[in-house]
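Worksheet: one structure, shown below.
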Amino acid sequence: MSADSQKIRFFRRQIPAFECEPGCHDCCGPVTASSEEMARLPVKSAAAHAAALAELNCPHLGEHGCEVYLERPLICRLFGTTPQLPCPRGRRPETPVDPAIEQQIYRYFAAKRQILV
């Protein structure tokens, strides 16, 4: 397992989970991810990307929600867990992400090339 994979796995364990409002996809807009994260996602066609972007959606947002929920990028996992990325519906975990971990994640974003999902 690569160092990036280990770091992503560590970060995923540190981001608290919470229950989204059923049917809500307000956070599912265009996002970026590292190459390591992208390698874990199914490849979408250029047409699928263009259609999603035209609707300000993620190409992995399907009729019933996120089609890659278990493999969703770190940025998606952060939504709702920090005041910097609040849930538009006010949902959040009991305990937010640790600010030190959040800063480490942002440093990871800055250090790794990000690709539009």
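What you see below is based on every heavy atom in this structure, not just the backbone, and it leaves out hydrogens, waters and symmetry mates. Positions are given from 1, in the same order as the sequence printed here. As the structure is a computational prediction, the values presented were derived from the model and not from experiment.
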Quick one: salt bridge (Lys or Arg N to Asp or Glu O under 4.0 Å) pairs with a partner in residues 101-117, sequence neighbours left out? D4-K112
For residues T81 and P93, report the shortest heavy-atom separation together with the two atoms involved. CA-CD, 3.9 Å
Output for pair (L74 CG, Y106 OH), nearest 0.5 Å, gives 11.0 Å
Interatomic spacing from CZ in R77 to CZ in R72 - rounded to 0.5 Å: 4.5 Å
Linked, directly or transitively: I15 and F18 (ILVMFWY side chains, under 4.5 Å): no
Shortest non-hydrogen contact between T32 and P73, atoms and distance: O-CB, 4.4 Å
I would like to know whether V117 and I75 meet side-chain contact (heavy atoms from CB on, under 4.5 Å); could you show each step before the answer? CA-CA 11 Å; V117 173; I75 192 67; over 6 Å; no
Can you give the donor-acceptor pairs under 3.5 Å from side chains of residues 83-90 to other protein atoms, not counting sequence neighbours?
from: Q84; atom 1: OE1; to: T82; atom 2: OG1; distance (Å): 2.6
from: R89; atom 1: NE; to: D26; atom 2: OD2; distance (Å): 2.9
from: R89; atom 1: NH1; to: E21; atom 2: OE2; distance (Å): 2.6
from: R89; atom 1: NH2; to: D26; atom 2: OD2; distance (Å): 3.4

Locate the shortest heavy-atom distance separating E36 from S2; write the atom from each residue and the value. OE1-OG, 3.6 Å
Transitive ILVMFWY side-chain link I115 to F11, under 4.5 Å: yes
More than 12 heavy atoms from other groups under 6.0 Å of CZ on R12: yes
When rounded to the nearest 0.5 angstrom, what is the spacing between CD1 in I105 and CZ in F10? 8.5 Å
Which value, rounded to the nearest 0.5 Å, describes the distance between Q104 atom CD and Q14 atom CD? 8.5 Å
List, one per line, each side-chain donor-acceptor pair under 3.5 Å for residues 54-67, sequence neighbours excluded.
from: E67; atom 1: OE1; to: K44; atom 2: NZ; distance (Å): 3.3

Closest heavy-atom pair, L78 versus V97, reported as atoms and distance to 0.1 Å, is CD2-CG1, 4.3 Å
What's the spacing between R92 CZ and C20 SG if we round to 0.5 Å? 14.0 Å
From I8 CD1 over to R40 CZ, what is the distance, rounded to the nearest 0.5 angstrom? 7.0 Å
CD (Q6) with more than 12 external heavy atoms under 6.0 Å: yes
Y108 and S34: which non-hydrogen atoms are nearest, and at how many Å? OH-OG, 3.3 Å
Please find the pair of heavy atoms, one from P16 and one from T95, that lie closest to each other, and give the distance. CG-O, 3.2 Å
